[in-house]
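If you're wondering where the values come from, they're calculated on a predicted model, not measured in any experiment. Heavy-atom basis, side chains included; hydrogens, waters and symmetry copies ignored. Index from 1, following the sequence.
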Amino acid sequence: MTDRIPFRVKPMLATLVREPFDRPGWVYEEKYDGFRILAYKEGPRVTLLSRNTKDRTTTFPAIARAVAQLVPRTLLLDGEVVAFDRRGVSRFQLLQNLGAEPKYAVFDCLYLNGRDLRKQPLTERRAALEQQIPKSGTLFTSARLSDDGLKAYQSAKRKGLEGVLAKDAAAPYREGRSSDWLKFKVHQEDEFIIVGYTAPAGSRKHFGALLLAAHDDGGPLRFTGKVGTGFTQTTLAQLHKKFQPLIRSKPTVADPPRERDITWLAPQLVAQISYAEWTADRKLRQPVFLGLRDDKPAKEVTVPEAQ
């Protein structure tokens, strides 16, 4: 048996829905707030790939070592690298700032000792996973919530989770966006493109607020509001340095705000933003900057719309 896994996959992605639900034959899992990672174990070699196929093996060496210590010769895992706060809730900001030890929440097994499991139902893939991964530690199996989707939602709400992933237990693993995996949110958090920044005021240095945007149904960039909180002095300086090569003379959004002292940027950097809700004019209310993402290209960032 060769130690080479004969394929590379793009991750299966959940579709956002507006309301929690309960369906027979579906399972409900904690939705983690971290980096999606596919882990390939090929003999003694382990490779960690992000959702856009960037190699993260050296970024998370402890996770790579933990995967290397697993028994199977060949193994392909799908999961989320996360960092937890004191209440046991995953926080992207902690992971971004290395404020807690990264762990790997594994929720799928796609290849095991020469056997391709992608066409098998989730129940079989999960069973294979649970035989290989410990319940806790640097690697652990993702947390299952109540078998009742509505109770799972209430549990996630009490704990303060980002949301719930609902999965058809009979479905195979399909690359890309799928209706076999759905997600409903407890609080709002999405990716937005940084398209500019305002001048600093008072004692703040480097910039005041970031201007955010997203593609409207894959079309033009639409301005979605400004975020001025969630920054430390260090992140203000780091971001400002990243912005300098991206400065442009004109806005790239179709509906730029009429405001002075804006420095426009090429739409390349993607930020993770939490927010309370959307306003009536489709702007973010009470947004907070959580960190930059480099695992999703800006061209794929669209205005979040639940089905």
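- Taking 4.5 Å as the limit, every side-chain heavy atom of Val82 sits out of range of all side-chain heavy atoms of Asp33.
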Verdict with supporting geometry, Tyr104 and Phe60, ring pair (Phe, Tyr, Trp, His ring centres under 6.0 Å):
CA-CA 9 Å; Tyr104 189 33; Phe60 305 112; 9.0 Å; no
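- To the nearest 0.5 angstrom, Gln268 atom CD is 5.0 Å from Leu246 atom CG.
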Could you go step by step and tell me if Arg293 and Ser50 meet the side chain to side chain donor-acceptor pair (under 3.5 Å) rule?
CA-CA 11 Å; Arg293 303 202 71 114; Ser50 70; over 6 Å; no
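- Judged by distance alone, with hydrogens and angles left aside, the side-chain atoms of Asp168 form no donor-acceptor pair with the main-chain N or O of Asp180 at under 3.5 Å.
- Counting heavy atoms from C-beta on, the side chains of Thr47 and Asp55 come closer than 4.5 Å.
- Aromatic ring pairs are classed by plane angle as parallel below 30°, tilted from 30° to 60° and perpendicular above 60°; the pair Phe140 and Phe84 is tilted.
- A ring-centre distance under 6.0 Å is found for Phe184 and Phe21.
- Residues Val89 and Tyr28 fall into different hydrophobic clusters, defined by Ile, Leu, Val, Met, Phe, Trp and Tyr side chains chained together at heavy-atom separations under 4.5 Å.
- Tracing side-chain contacts under 4.5 Å through hydrophobic residues (I, L, V, M, F, W, Y), one never reaches Val186 starting from Leu150; they form parts of separate clusters.
- Rounding to the nearest 0.5 angstrom, the gap separating the CD1 atom in Ile133 from the CG atom in Leu75 is 6.0 Å.
- Glu175 places a side-chain N or O within donor-acceptor distance of the main-chain N or O of Lys10, the cut-off being under 3.5 Å.
- The hydrophobic clustering, which links ILVMFWY residues whose side-chain heavy atoms are closer than 4.5 Å, places Leu70 and Val106 together.
- A donor-acceptor pair is defined here as one N or O able to donate and one able to accept, closer than 3.5 Å; no such pair exists between the side chain of Asn52 and the backbone of Pro297.
- Taking the charged nitrogens against the carboxylate oxygens, Arg36 and Asp78 do have a contact shorter than 4.0 Å, which makes a salt bridge.
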Check step by step if side chain to side chain contact (heavy atoms under 4.5 Å, CB included) holds for Leu212 and Val195.
CA-CA 6 Å; Leu212 305 173; Val195 293; over 6 Å; no
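- You'll find the side chain of Leu292 stays beyond 4.5 Å of the side chain of Gln272, heavy atoms only.
- Proximity of a side-chain donor or acceptor of Thr15 to a complementary backbone N or O of Ser178 within less than 3.5 Å is detected.
- Note that the CZ atom of Arg174 and the CZ atom of Arg118 stand 13.0 Å from one another [nearest 0.5 Å].
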Full working for side chain to side chain contact (heavy atoms under 4.5 Å, CB included) between Thr59 and Leu48
CA-CA 9 Å; Thr59 308; Leu48 306 180; over 6 Å; no
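- Taken from NZ in Lys41 to CG in Asp3, the straight-line distance is 8.0 Å, to the nearest 0.5 Å.
- Judged purely by atom type and a 3.5 angstrom limit, Glu30 has no side-chain atom pairing as donor or acceptor with the backbone of Ala143.
- Looking at Ser90, its side chain never comes within 3.5 Å of a backbone N or O of Tyr32 through a donor-acceptor pair.
- Counting heavy atoms from C-beta on, the side chains of Ile193 and Leu221 come closer than 4.5 Å.
- Across all their heavy atoms, Ala83 and Leu95 have their closest contact at CB-N, 3.8 Å.
- Salt bridge Arg222/Asp216: present, at least one basic N to carboxylate O contact under 4.0 Å.
- Between Ala169 and Val27, the shortest heavy-atom contact is CB-CG1, 4.3 Å.
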Side-chain donor/acceptor pairs under 3.5 Å, residues 199-210, sequence neighbours excluded:
unit_1: Arg204; atom_1: NH1; unit_2: Gly208; atom_2: O; d: 2.5
unit_1: Arg204; atom_1: NH1; unit_2: Gly228; atom_2: O; d: 3.1
unit_1: Arg204; atom_1: NH2; unit_2: Gly228; atom_2: O; d: 3.1

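- Residues meeting the salt bridge (charged side-chain N to carboxylate O under 4.0 Å, His left out) test with Lys167, sequence neighbours left out: Glu29.
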Pair Trp278, Leu284 - check side chain to side chain contact (heavy atoms under 4.5 Å, CB included), show working.
CA-CA 5 Å; Trp278 289 94; Leu284 301 175; 3.6 Å; yes
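- Panel note: side chain Arg125, backbone Gln120; a donor-acceptor pair is recorded below 3.5 Å.
- Counting only heavy atoms from C-beta outward, the side chains of Gln188 and Ile273 never approach each other to under 4.5 Å.
- Counting only heavy atoms from C-beta outward, the side chains of Val303 and His215 never approach each other to under 4.5 Å.
- In terms of heavy atoms, Pro102 sits closest to Val81 at CB-CG1, 4.0 Å.
- Ionic pairing of Glu189 and Lys185 is not present here: no N-O contact between side-chain nitrogen and carboxylate oxygen is shorter than 4.0 angstrom.
- To the nearest 0.5 Å, atom OG1 of residue Thr252 and atom CG of residue Leu265 are 8.5 Å apart.
- You'll find the side chain of Pro61 stays beyond 4.5 Å of the side chain of Arg56, heavy atoms only.
- Rounded to the nearest 0.5 angstrom, Leu290 CG and Thr235 OG1 are separated by 11.0 Å.
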Derivation of the salt bridge (Lys or Arg N to Asp or Glu O under 4.0 Å) call for Lys157 and Glu162
CA-CA 8 Å; Lys157 192 173 182 180; Glu162 180 193 353; over 6 Å; no
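- The pair Glu101-Lys103 meets the salt-bridge criterion, since a charged nitrogen lies less than 4.0 angstrom from a carboxylate oxygen.
- Considering every non-hydrogen atom in both Thr57 and Ala64, the closest pair reads CG2-CB, 3.9 Å.
- Taking all atoms of both residues into account, the shortest heavy-atom contact from Leu112 to Ala128 is CD2-CB, 4.1 Å.
- The pair Glu42-Arg8 meets the salt-bridge criterion, with a side-chain N (NZ, NE, NH1 or NH2) lying under 4.0 Å from an Asp/Glu carboxylate O.
- Of all heavy-atom pairs spanning Gln244 and His240, the tightest one is NE2-O, 2.7 Å.
- Pairs engaging residues 146-156 under the salt bridge (Lys or Arg N to Asp or Glu O under 4.0 Å) rule: none recorded [sequence neighbours left out].
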Side chain to side chain contact (heavy atoms under 4.5 Å, CB included), that's the test. Do Val164 and Lys31 meet it? Break it down for me.
CA-CA 5 Å; Val164 176; Lys31 185 180 184 302; 5.7 Å; no
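- Applying the ring pair (Phe, Tyr, Trp, His ring centres under 6.0 Å) test between Phe289 and each of Phe192, Phe231, Tyr197 identifies Phe231 as the sole match.
- For Arg23, there are no salt bridge (charged side-chain N to carboxylate O under 4.0 Å, His left out) partners, not counting sequence neighbours.
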What donor-acceptor contacts under 3.5 angstrom involve side-chain atoms of residues 254-262, with partners at least two apart or in another chain?
unit_1: Asp255; atom_1: OD1; unit_2: Phe223; atom_2: N; d: 2.9
unit_1: Glu259; atom_1: OE1; unit_2: Lys226; atom_2: NZ; d: 3.3
unit_1: Glu259; atom_1: OE2; unit_2: Lys226; atom_2: NZ; d: 3.0

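- Contact check for Asp294 versus Val270: no side-chain heavy atoms found under the 4.5 Å cut-off.
- With side-chain heavy atoms closer than 4.5 Å counting as contact, directly or through intermediates, the hydrophobic cluster containing Leu49 also holds Ile5, Phe7, Val9, Met12, Leu38, Tyr40, Leu76, Phe107, Leu110, Tyr111, Tyr173, Trp181.
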